[in-house]
Amino acid sequence: MNVKNETSELLKRLGVDEKAFSGGDLSVRTPVTGEEIAAVPSISANDAGAAIERAYEAFKTWRNVPGPRRGELVRLLGEELRASKDDLGRLVSIEVGKIRSEGLGEVQEMIDICDFAVGLSRQLYGLTIATERPGHRMMETWHPLGVVGVISAFNFPVAVWSWNAALALVCGDSVVWKPSEKTPLTALACEAIFNRAVKRFGGDAPADLLTVLIGDRAVGEAMVDHPKVPLVSATGSTRMGREVGPRLAKRFARAVLELGGNNAGIVCPSADLDMALRAIAFGAMGTAGQRCTTLRRLFVHESVYDALLPRLRKAYESVSVGSPLTTDALVGPLIDKGAFDNMQKALQEAKKLGGKVVGGTRFDSGDADAFYAHPALVEMPEQAGVVLEETFAPILYVMKYSDFDEALELHNAVGAGLSSCVFTTDMREAEEFLSARGSDCGIANVNIGTSGAEIGGAFGGEKETGGGRESGSDAWKAYMRRATNTVNYSKELPLAQGVSFDI
Ligand code: UN1
């Protein structure tokens, strides 16, 4: 069966109406072969405004539904996702080009966050706080926030939505979602899956609890500027964040920004090199280098450099590249020609700075419009120029170091601050890496790579990564508003700070 037919069968099986993916103005291509697989109708900024108003009405009902009951809807969503895992995972492989296990892994991440959110729906705790006044009680209450806007990127087209939506829904919020224009099909599938959960849930779920807004930049801007969207959670480039952040700040809306990463690892003299090799390979080449957590820079101690590099080179030379739909290759395609061109440009610049490149060339899949690349391993004389920037492609820059403190300094000397790792069996180095003067990233790991975080922890990073946190831990607090309440159950009216005001 050709990819287009398979896509349309999958979409129908997932519950998407044919009208939603055929005859529209937005052409959808699979990076696997480069062919058009669907044409999705998109909406205007005006339509988006109207949809947000409807989502606001949904919020006004949903906020009154008790938290644990809201959790039940997310539990059903998790069940529906379990039932659709194979189909949705396959659709992710078609639309983004992820290999099979990564397509399925992305859906598993959605199931995991649903499970997390169900538990959370009974744990939206506030504190009880000691007051300085007799006969008083002080506490904090967490209330639903409003309409939560989600802007997601092509590389995790469904999981990132679920991190936000699962939390927002149990927190009593409604959700409007603008997926990447490159990946509207998986978004439509999620909408259909969600609608099934709503149907099973019954009457107290209002209409328009989730709205998928497929459209261009103007649609995104309508969401970012809309006064009834108190929080926008946006995943994408730092360039995008620089536009979204100030627009939200202007109207005092909240931003959860999850932007670029230029993630690094340090391989220390005591490292378990077998383990490091496997972790580096997955971190740098997995998802064809198109995760925001992809390993992009590696500092290797001079004493182990000559032991590790030949093995890394061999891994790069032998890694399988190919169609995720018809082969078991470990590296699938880049999302499009633009991504391939950016990769080539970065490699040219690295060469000009003295970089020695293994790989990086185009892999011929037989389809002129599909862009596969052999992952590139680049030995750099120093960290400069293009190494300081994120190129969303499988390029790993490797540099030698002699002193751990110097490696730490180089590690932190980039704009982004998402994920990081150290390979060492020396506890002093490990602890130093995790300490206040160690990695400056939101994620810091020991003896595992930079990518592949579990949902239980808060996910996000510092500096140009935007500072937002999604997923686990107490990230839910961004999706609610906090009220501090003081109750006087005494017969007096003592004022705080000893102030007297007797009338
Ligand atoms: C992303 O690339 O935007 O930690 C998210 C990871 C995944 C999420 C990546 N759990 O690599």
Side-chain angles (χ1 to χ4, degrees), residues 81 89 92 95-99 101-116 150-167 177-180 182-183 186-187 233-241 244 256-265 278-296 330-332 334-335 339 390-394 396 416-421 439 441-446 448-462 464-473 475:
L81 284 166
V92 168
E95 200 173 36
V96 185
K98 290 193 185 192
I99 64 172
S101 73
E102 292 199 52
L104 292 171
E106 175 155 1
V107 183
Q108 186 57 47
E109 196 160 359
M110 305 174 79
I111 295 167
D112 295 344
I113 193 71
C114 285
D115 287 356
F116 178 92
V150 179
I151 297 175
S152 60
F154 79 84
N155 67 326
F156 271 83
V158 288
V160 169
W161 163 71
S162 72
W163 297 349
N164 287 284
L167 295 195
W177 175 21
K178 184 199 172 305
S180 161
K182 293 174 187 169
T183 57
T186 40
S233 173
T235 300
S237 65
T238 293
R239 195 166 42 98
M240 179 273 282
V244 169
V256 171
L257 298 178
E258 207 266 278
L259 311 175
N262 189 357
N263 317 296
R278 289 180 49 216
I280 293 163
F282 173 64
M285 297 193 276
T287 331
Q290 300 176 110
R291 287 193 191 212
C292 55
T293 49
T294 292
L295 181 67
R296 308 198 181 281
L330 292 178
V331 178
L334 291 169
I335 189 69
E390 176 190 49
T391 302
F392 220 58
L396 179 64
L418 179 56
S419 187
S420 59
C421 66
S439 162
C441 292
I443 299 171
N445 296 334
V446 178
I448 67 164
T450 50
S451 64
E454 298 173 24
I455 55 85
F459 183 90
E462 303 301 328
E464 289 176 6
T465 301
R469 291 297 186 276
E470 294 169 306
S471 253
S473 184

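Order of listing sets the numbers, starting from 1, for every ligand and every atom in it. Numbering starts at 1 and runs along the sequence shown.
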Ignoring angles and geometry beyond distance, decide whether [X] reaches within less than 3.5 Å of ligand 1 through its nitrogen or oxygen atoms.
X      : value
Trp163 : no
Phe459 : no
Ser451 : no
Phe156 : no
Val160 : no
Asn155 : yes

Residue, atom name and distance, where the atom is the protein heavy atom closest to [atom]:
atom                    : result
atom 4 (O) of ligand 1  : Ala453 N, 2.7 Å
atom 7 (C) of ligand 1  : Arg291 NH1, 3.7 Å
atom 6 (C) of ligand 1  : Gly452 N, 3.2 Å
atom 10 (N) of ligand 1 : Glu109 OE2, 2.8 Å
atom 3 (O) of ligand 1  : Cys292 SG, 2.8 Å

On a heavy-atom basis, which atom in [X] and which in [Y] lie closest, and how many Å separate them?
X      : Y      : answer
Phe282 : Ser451 : CE2-OG, 3.5 Å
Asn164 : Val160 : ND2-O, 2.9 Å
Gly236 : Ala153 : CA-CB, 4.4 Å
Asn262 : Glu390 : ND2-N, 4.2 Å
Ile455 : Glu109 : CG2-CG, 3.5 Å
Leu259 : Cys292 : O-CB, 4.2 Å

State whether a side-chain donor-acceptor pair under 3.5 Å links Thr287 with Glu102. yes
With a 3.5 Å cut-off and no angle check, do the side chains of Glu464 and Thr238 form a donor-acceptor pair? no
Please determine whether any non-hydrogen atom of Phe282 lies less than 4.0 Å from an atom of ligand 1. no
Examine ligand 1 and decide if any of its atoms is less than 4.0 Å from a heavy atom belonging to Gln290. no
Under a 4.0 angstrom heavy-atom cut-off, which atoms of ligand 1 come close to Glu258? 3 (O)
Need the ligand 1 atom indices (1-based, order shown) with element for anything under 4.0 Å from a heavy-atom of Thr293. 4 (O), 6 (C), 11 (O)
Using 30° and 60° as the class boundaries, would you call the ring planes of Phe392 and Phe154 parallel, tilted or perpendicular? perpendicular
In this structure, CG of Asn263 is separated from CG of Leu418 (nearest 0.5 Å) by 5.0 Å
